[in-house]
Structures are given as structure tokens and as C-alpha cells.
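To find a chain, count down the sequence lines: A is the first, B the second, and so on, and within it residues start at 1.
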Amino acid sequence: MDNPGSGADLKLRHVHPWDLSPAEARALQMRLAPRVVREDRLGEIRRVAGVDVGFEEGGRITRAVVSVLSWPELAPLEDVVARSPTRFPYVPGLLSFRELPAVLEALEGLSALPDLLFCDGQGIAHPRRFGIAAHLGVLTDLPAIGVGKTRLIGTHEAVPEERGAWRALYDKEEVIGAVLRTRTRVKPVYVSVGHCLSLETAVELVLKAAPRYRLPEPIRRADRLASQSTGRDQVLHGGVCSSP
DNA sequence: GCGACAG
DNA sequence: ATCTTGTCGC
């Protein structure tokens, strides 16, 4: 009947409505934020996934991509693309309500769920400690890490230029994330807890996932399939969905 | 009241 | 995110 013979049956802990007003969305974030687990509760990591979203038709269509890679080799294993009408506008602090519906669809298309998620965006480095990586982690109950290219909130000291150097990201006196240099002399990324891991572990995993470029390999691949496919030229092998 | 503001 | 070309640097 439903997903006959395949699919990564997501058992969403507590499904919730997506068509909300900004005020209702903020209230929901405050209610779910306490469910984020900020300590290490990871099992063996064998497959990791990068999650990213792009837009088509001037934003009317949301295109979510989940790319699964082996760990720690980082070899491509599976890609799933999901496209659906965009229902929520971009509102700083409410990004997950705009992008997660499509992301969940893509996740459901996987042959098997990954052991860890690398999300393009913040985890708890968010006004209400519930950025997109935290939201996705809580809904799927999968370990998740937020990796933002720019800052949403928080302050921090200057980060040394060497790869591996990082400084805590603060909101008042609270540490909400890390500003990490993944490449020497290259702009740092904003790492924060998404779910089921500590900040220290998140930093360690991001460094291992980004051995050569600024962003973790899983995110780079998902990003390429989500955006670069519409604007720039795309020269890959596989078909439309699921293929390395 | 005036800025800041993930993707 | 997206609209958009070439250009400077390692």
C-alpha cells in the first residue's frame, strides 16, 4: 500500500502542522526546543547525509536534496531529490518551516536512513535554540549537525587562520555554537548542535567531513544537486533520482 | 525607535 | 535562496 518494498520509513516522533502563521511557528519552536538532545548519543557511524535546498520557478518550487555518503570514506552512495510547491516565505528564524516539508519528502525516498545529518543552516545557534538542523533532528530523531555559511545570531572572538581553529559562539553568556575554520585563511563556518551530539563532537565531525573544502562533503554534494542544477551547468552521470 | 537577520 | 560575467588569486 504505502512504500511497498522500499523506503526509509521515517517515524516522525510528533508530526505537526506546517501551514502556520509566523507567530504560531515561533510558539511551536519554543515548545519543541526542549526536546533537542545536546549530548552525545550516537551509534556507529557508517553513512552520513548532507541536506540542502534550492528553489526553482522564482521560488515557487522548493527542491530538497539528501545526499548519502559512506563514512569515513565520504564516497557517494545515494541521492534523493524532492520537489514541491513552496508554502512558506523566508523569514529569519523560521527557515525550517519553509524548507523542511520538502526535506522530509526527500528523506522518505531514501533506501535506508543515514546515521548522521549535516544540515545547511543553524542548529541551536538560533534565537529560540531551534534552527533547521535542530528541528530536523528532533522530528527524525537522527543525530544532526547545523553548518551555516553565515551567522544568524551570536558573537565571538576572532578565529585563528589555521584549519581546525575555532571559537565559541555566544548569545549573552551562553555557548550556542562554534565558529570553525575548516580551511586555512578561508572564511569560517558556523557549527552548532542539531541533535544527539555535543558541540565538541559536532566540530570534530565537521572537520572530518570537510577534509579539503570549506563545507562538509555531504553538504557540498547536496548543494550542487539542489542549486547548481538549475543555474549552472550540470555534468553528472546518474538519472533523475537515487544514484551516485 | 533603530539595526540585524540561516537560506 | 535567486537574478547574473568576468575576474583576481592560490
For A:G146, answer base if it contacts any base atom (sugar-phosphate contacts may also be present), sugar-phosphate if it contacts only those atoms, and nothing otherwise; contact means non-hydrogen atoms under 4.0 Å.
nothing
For A:Y190 and B:dA6, are the ring centres under 5.5 Å apart with planes inclined under 30°?
no
If I take atom CZ in residue A:F55 and atom P in nucleotide B:dA6, what distance separates them, rounded to the nearest angstrom?
13 Å
Rounded to the nearest angstrom, tell me the gap between atom NE2 in A:H126 and atom C1' in B:dA4.
14 Å
Just the rounded figure in Å: distance from C1' of B:dA6 to CD1 of A:I145.
17 Å
Which nucleotide in the set B:dC5, C:dT2, B:dG7 lies at the smallest distance from any side-chain heavy atom of A:L152?
B:dC5
Rounding to an integer number of Å, can you tell me how far A:Y213 OH sits from C:dC10 C1'?
13 Å
A:Y190 vs A:H156 aromatic rings, parallel, tilted or perpendicular, using cut-offs 30° and 60°?
perpendicular
Whole angstroms only, please: what is the CD1-P distance between A:I153 and B:dA6?
11 Å
Separation of atom CD1 in A:I219 from atom P in B:dA6, rounded to whole Å
16 Å
Under 4.0 Å from OP1 or OP2 of B:dG7: is there any side-chain N or O of A:T150 that close?
yes
A:D171 with A:R129: basic N within carboxylate O range, under 4.0 Å:
yes
So what does A:L94 touch, heavy atoms closer than 4.0 Å: a base, only the sugar-phosphate, or nothing?
base
Sugar-phosphate, base or nothing in reach of A:G131, heavy atoms under 4.0 Å:
base
Checking all strands, does A:R151 fall into the base, sugar-phosphate, or nothing category for heavy-atom contacts under 4.0 angstrom?
sugar-phosphate
Quickly work out the A:Y90 OH to C:dT2 P distance and round it to whole Å.
14 Å
Starting the side chain at C-beta, find the nucleotide from C:dA1, B:dC5, B:dG7 nearest to A:P92.
B:dC5
Tell me whether the guanidinium CZ or amine NZ of A:R63 lies under 6.0 angstrom from the six-membered ring centre of A:F55 and within 45° of its axis.
no
Does a side-chain heavy-atom distance below 4.5 Å link A:W18 with A:L104?
yes
It should be established whether A:K149 places a side-chain nitrogen or oxygen under 4.0 Å from OP1 or OP2 of nucleotide B:dA6.
no
Validation row: A:C119, A:I145 side chains within 4.5 angstrom (heavy atoms)
no
